[in-house]
Peer 1: 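Just passing along the structure, written as structure tokens.
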Amino acid sequence: MQNDLNIILNPSSVAVIGASNKEGNIGSEIMKNLVRDGFTGKIYPINLKETEVHGVKCYKSVEAVEGAIDLAVIVVNAAIVPAMMEECGKKKIKGAVIISAGFKELGAEGAALEKQVYDIAKKYGITFVGPNCLGELNTNPKIRLNAAFAPVPPVPGVIGFASQSGALCSGILNVIPTLNVGIRHLVSLGNQADISANDFLEYWKDSDEVEQALLYLESMKNPSRFLKAAKGLTAKKPLIVIKSGKSDAGAKAAASHTGSLASSDVVCQALFDSCGAIREEGLRTIFNTALVFEKCPLPKGKRVGIVSNTGGLGVLSTDMLIEEGLELGKLSDSSVAALKASLPRQASCNNPVDTVASADIATQYGPALETVLKDENIDMVMALYIYLLGEKNDTEILKKLNELKVKYPDKPIIGVFMTKEDFGERVKKEVAKNDVAYFSYFEEAVWGLKRLYERATYLNNLKIKPPVISVKNSAAKAIIKDAKARFIKDAKCNNTLTTFESLEIFKCYGLPVPEYALIKTEADLDKYIATTGYPAVLKISSFSLSHKTDVGGVALNIMNKEQLHSEYRAMIERIEKLGEKKNLEGIVLMRQVKGAREFVAGVTSHEDVHMLMFGLGGIFIEAINEVKFIALPLDTNGSEKLLSGKRINKLLDKVRDNAAIDKTKLREIFYKIDCLISDFAEISELDLNPIMADKQGNLFAVDARIALK
């Protein structure tokens with residue numbers, strides 16, 4: 001794949017099919033950009049009627065070009081794109097960017113035309129971007145390729161950006177001069193008929209030119225490939241994503257825009273969490289995060305030091321960083337003493353440090369910053385400044401931050417300057433080389449520190465190997481083999497294992513289930529009640545009925561022998577009335593677990609990706625909606641994400657007279673489920689619902705359900 005994208009991003013010659021001299025024409029704008037930005041290769045405009053386009057010799061067809069052509073940029077009516085692709089194939093052109101619109105985004109007829117273009121491309125071995133896109137660019141000074149029709153030239157940098165919205169690419173180029181970051185590769189993906197975001201993730205992973213990858217997605221193409229590609233990239237460099245279509249209305253808008261149904265947002269979030277992608281909600285935040293990653297090292301911990309010239313801003317920052325899971329570092333006694341010795345008497349010398357507005361930059365504010373920065377109890381520093389006194393104090397502080405960054409390169413420093421609106425322009429004039437991330441609002445700085453800590457945590461967790469799970473795989477194989485044979489024989493079975501079969505598989509994989517037994521006859525009750533004890537539960541195990549409560553197939557709070565036999569007989573009678581006795585495997589007798597805390601775990605599948613879910617259970621599960629999904633296979637980052645819910649963590653801790661739940665054992669449950677899915681990819685759904693926690697903090701899956709594809 002890398003050779004194909006090299007043709008796209010690093011061509012030595014480009015043909016613009018549909019080049020034009022007409023002002024405002026897309027073919028004209030692309031030619032103008034190629035010439036203006038100084039493409040280092042050869043440019044071949046293709047137009048039947050022109051002899052010269054923007055000062056470059058024009059050709060009537062690609063066949064008329066004497067030399068070889070690496071890349072074709074196609075800007076013609078959609079109906080003749082197939083013919084142009086045929087010409088490109090015969091000319092042995094191996095790369096194309098199809099700007100033309102009018103394909104699957106318009107419906108079935110357009111989709112058929114797009115399929116025709118794809119088939120022609122594959123016949124000739126052409127790799128292409130689009131159709132229905134803005135184009136692409138590469139700011140490498142050795143290439144200087146601008147094969148897009150955006151009016152504003154790009155700012156060179158180290159970001160690789162791929163977007164499903166072409167107009168968004170143009171908007172980004174419009175505003176990026178104000179964002180203090182730059183672009184190396186920018187690609188408008190369009191309909192992704194051939195090249196998708198996944199291809200660029202694979203390419204950027206090993207690219208020395210791109211230091212971080214940014215994506216704007218409206219739909220997810222091939223989730224399992226995205227997961228693999230993204231994990232490969234995030235092990236080396238950051239991946240920051242915006243995914244639209246989060247709301248129902250947004251998903252419909254995305255579908256009409258790209259011709260693809262927007263993927264479930266839950267699935268996308270699970271994929272992002274699994275691969276370490278950082279999801280941002282807007283364009284401002286995605287580039288703020290990119291700026292922080294470009295300018296800051298990763299921290300060793302989450303302890304933040306704050307230096308401000310006003311108390312209020314320091315307190316607001318403290319509140320937010322605590323809310324976002326960071327910590328306010330406790331300054332050492334020696335640091336506090338040094339601050340007291342140098343700062344005005346009315347200053348606050350504990351973290352957050354308030355130097356007061358009158359503090360001198362050279363002798364007080366600057367030294368205070370260094371004292372906090374070098375403190376061994378501080379991992380990251382925020383320098384806050386509100387313009388009050390001294391017109392050039394803001395740029396002087398930024399100069400000091402740059403000095404400190406060189407002196408202490410292992411600790412992130414972020415500045416916040418609530419100052420005059422011309423600050424950015426003055427920085428360019430007065431600060432020789434700024435290498436510090438700074439913002440106008442403290443919220444942006446706190447968010448940046450949080451993202452740095454999340455990235456550092458992700459990389460650290462990659463070093464922790466998951467536990468080795470020991471299972472009785474052969475017994476589980478036999479159960480699933482028998483179940484498959486039954487499904488083939490009887491379609492009424494709905495591909496769902498019985499409750500007893502599901503429990504037996506859980507037991508094979510060491511998942512915690514209460515004591516249970518399969519009751520075939522009423523006499524078995526007295527035989528097995530000694531194993532389960534009271535209180536007890538009865539539940540049907542049927543080859544055809546998977547929803548037990550709907551048919552009266554569950555009896556709870558059985559306290560004695562008389563009640564046990566009575567409930568059993570009543571349950572059998574209900575099953576007989578339904579005409580389901582012949583499909584009854586038996587009745588499961590189980591010890592009833594008493595506990596106030598209920599959780600839920602399970603697995604669902606989307607295309608070829610399995611997702612593990614964990615969250616709060618009980619009757620309010622939908623209303624509370626405290627559940628997390630993670631794509632499998634599971635690693636340390638994934639298991640930690642499953643436990644990251646705030647409400648979940650409160651219930652996992654000691655609650656009144658209920659003991660704390662051992663999170664290590666809970667993680668083992670996740671890995672055992674992952675092992676089960678790894679062994680049996682044909683499992684489409686799996687439920688441990690509910691998982692009950694008793695007063696001692698022990699966990700038990702009191703019901704089990706497994707469905708196969």
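Note that the structure is predicted; figures quoted are calculated from it, not measured.
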Peer 1: Would you name the heavy atoms of K709 and E607 that are closest together and state the gap between them?
Peer 2: NZ-O, 4.4 Å
Peer 1: Let's go through D199 and R225 carefully: what are the C-alpha distance in whole Å and the side-chain angles of both, what is the deciding distance for salt bridge (charged side-chain N to carboxylate O under 4.0 Å, His left out) to 0.1 Å, and is it a yes or a no?
Peer 2: CA-CA 9 Å; D199 296 293; R225 185 181 171 205; 2.4 Å; yes
Peer 1: Do L398 and V427 make a side-chain contact, defined as non-hydrogen atoms from C-beta onward lying under 4.5 Å apart?
Peer 2: yes
Peer 1: Got V416 and S440 here, is their nearest side-chain heavy-atom distance under 4.5 Å?
Peer 2: no
Peer 1: May I ask you to test the L145-T40 pair for a side-chain heavy-atom distance under 4.5 Å?
Peer 2: no
Peer 1: Among residues at least two apart in sequence or on other chains, which ones pass salt bridge (Lys or Arg N to Asp or Glu O under 4.0 Å) with E682?
Peer 2: K484
Peer 1: Please confirm whether the backbone N or O of A68 pairs with a side-chain atom of S13, one donor and one acceptor, at under 3.5 Å?
Peer 2: yes
Peer 1: Run the numbers on T604 and H610 for side chain to side chain donor-acceptor pair (under 3.5 Å), then give the verdict.
Peer 2: CA-CA 6 Å; T604 186; H610 284 89; over 6 Å; no
Peer 1: Looking at K205 and E202, is there a salt bridge between them, counting it only when a charged N and a carboxylate O are closer than 4.0 Å?
Peer 2: no
Peer 1: Check K628 with D273, please: is the shortest side-chain N to carboxylate O separation under 4.0 Å?
Peer 2: no
Peer 1: Only counting residues at least two apart or in another chain, list the ones meeting salt bridge (Lys or Arg N to Asp or Glu O under 4.0 Å) with D435.
Peer 2: K295, K405
Peer 1: Distance check, rounded to the nearest 0.5 Å: I286 atom CD1 versus I242 atom CD1?
Peer 2: 4.0 Å
Peer 1: Between N33 (side chain) and A148 (backbone), is there a donor-acceptor pair under 3.5 Å?
Peer 2: yes
Peer 1: After noting the C-alpha distance and the side-chain angles of C296 and I414, does the key distance pass the side-chain contact (heavy atoms from CB on, under 4.5 Å) rule?
Peer 2: CA-CA 8 Å; C296 296; I414 296 182; 4.0 Å; yes
Peer 1: Are any of the side-chain nitrogens in D422 or K429 under 4.0 Å away from the carboxylate oxygens of its partner?
Peer 2: no
Peer 1: Rounded to the nearest 0.5 Å, what separates atom CD1 in I98 from atom CD1 in I126?
Peer 2: 8.5 Å
Peer 1: Go through the steps for N461 and D635 under the test side chain to side chain donor-acceptor pair (under 3.5 Å), then give the verdict.
Peer 2: CA-CA 8 Å; N461 283 339; D635 59 13; over 6 Å; no
Peer 1: Between N47 and A19, is there a donor-acceptor pair closer than 3.5 Å when you use the side chain of the first and the backbone of the second?
Peer 2: yes
Peer 1: Under the 3.5 angstrom rule, does the side chain of S684 hit a backbone N or O of A707 as a donor-acceptor pair?
Peer 2: yes
Peer 1: Begin from the C-alpha positions of E218 and S244 and carry the test side chain to side chain donor-acceptor pair (under 3.5 Å) through to its verdict.
Peer 2: CA-CA 5 Å; E218 293 174 352; S244 64; 4.6 Å; no
Peer 1: Would you mind listing every salt bridge (Lys or Arg N to Asp or Glu O under 4.0 Å) that reaches into residues 74-96, with sequence neighbours excluded?
Peer 2: E86-K123
Peer 1: Can you give me the closest heavy-atom contact between V53 and C58, atom names plus distance?
Peer 2: CG2-SG, 3.9 Å
Peer 1: Main chain of A290, side chain of Q212: is a donor-acceptor contact present, judged purely on distance under 3.5 Å?
Peer 2: yes
Peer 1: Answer yes when D265 and R279 have at least one side-chain N-carboxylate O distance shorter than 4.0 Å, and no when they do not.
Peer 2: yes
Peer 1: Measure from the side-chain N and O atoms of N191 to the backbone N and O of A193, and report whether any donor-acceptor pair falls under 3.5 Å.
Peer 2: no
Peer 1: Does a side-chain heavy-atom distance below 4.5 Å link S28 with N21?
Peer 2: no
Peer 1: Do you know which two heavy atoms are closest between G27 and V75, and how far apart they sit?
Peer 2: N-CG1, 3.8 Å
Peer 1: If you measure from CG on N10 to CD1 on I143, what distance do you get to the nearest 0.5 Å?
Peer 2: 4.5 Å
Peer 1: Which atom pair, heavy atoms only, marks the closest approach of I74 to C88?
Peer 2: CD1-SG, 4.5 Å
Peer 1: Nearest 0.5 Å, what's the CZ-CG distance between R284 and N288?
Peer 2: 5.0 Å
Peer 1: Should F439 and F417 be marked as a side-chain contact (heavy atoms from CB on, under 4.5 Å) after you check the CA-CA gap, both sets of side-chain angles, and the distance that decides it?
Peer 2: CA-CA 6 Å; F439 302 102; F417 295 92; over 6 Å; no
Peer 1: Show the numbers, then the answer: is there a side-chain contact (heavy atoms from CB on, under 4.5 Å) between E114 and N132?
Peer 2: CA-CA 10 Å; E114 187 170 302; N132 182 31; over 6 Å; no
Peer 1: Would a 4.5 Å heavy-atom cut-off, applied to side chains only, mark Y438 and N180 as touching?
Peer 2: yes
Peer 1: I'd like to know if the side chain of S678 and the backbone of D674 have a donor-acceptor N/O pair within less than 3.5 Å.
Peer 2: no
Peer 1: Return the set of residues passing salt bridge (Lys or Arg N to Asp or Glu O under 4.0 Å) with R451 (not counting sequence neighbours), or none when no residue passes.
Peer 2: E280, E454
Peer 1: Please evaluate residues Y44 and V16 with respect to the criterion side-chain contact (heavy atoms from CB on, under 4.5 Å), reporting the C-alpha separation (whole Å), side-chain torsions for both, the decisive distance (0.1 Å), and the verdict.
Peer 2: CA-CA 6 Å; Y44 300 110; V16 181; over 6 Å; no
Peer 1: With a 3.5 Å distance limit and no angle check, can you tell me whether S207 reaches the backbone of Y203 through a side-chain donor-acceptor pair?
Peer 2: no
Peer 1: Scan for salt bridge (Lys or Arg N to Asp or Glu O under 4.0 Å) pairs involving residues 36-57, sequence neighbours excluded, and state none if there are none.
Peer 2: K57-E66
Peer 1: State, without any angle test, whether N222 and N198 hold a side-chain donor-acceptor pair at a distance under 3.5 Å.
Peer 2: no
Peer 1: When you measure from the side chain of S163 to the backbone N and O of S188, does any donor-acceptor pair fall under 3.5 Å?
Peer 2: no
Peer 1: For the side-chain contact (heavy atoms from CB on, under 4.5 Å) test, which of I278, L201, L214 pairs with L239?
Peer 2: L201
Peer 1: Are the side chain of E211 and the backbone of V158 linked by a donor-acceptor contact shorter than 3.5 Å?
Peer 2: no
Peer 1: Using the side-chain contact (heavy atoms from CB on, under 4.5 Å) criterion, which residues pair with A64? Sequence neighbours excluded.
Peer 2: Y59, S61
Peer 1: Would you compute the distance between atom CG of L642 and atom CG of L634 and round it to the nearest 0.5 angstrom?
Peer 2: 6.5 Å
Peer 1: Working to the nearest 0.5 Å, report the span between CZ of F128 and CD1 of I7.
Peer 2: 16.0 Å
Peer 1: Quick check: do L217 and S219 have side-chain heavy atoms less than 4.5 Å from each other?
Peer 2: no
Peer 1: Show your working on side chain to side chain donor-acceptor pair (under 3.5 Å) between T234 and Y458 and close with a plain yes or no.
Peer 2: CA-CA 9 Å; T234 56; Y458 176 79; 3.1 Å; yes
Peer 1: So, do R184 and P156 sit near enough that their side-chain heavy atoms are less than 4.5 Å apart?
Peer 2: no
Peer 1: Looking only at heavy atoms, what is the nearest atom pair of S224 and D608, with distance?
Peer 2: OG-OD2, 2.6 Å
Peer 1: With a 4.5 Å limit on heavy-atom distance, are the side chains of C133 and V97 in contact?
Peer 2: yes
Peer 1: Where is the tightest heavy-atom contact between A15 and I46, given as atom of each residue plus distance?
Peer 2: CB-CG1, 4.2 Å
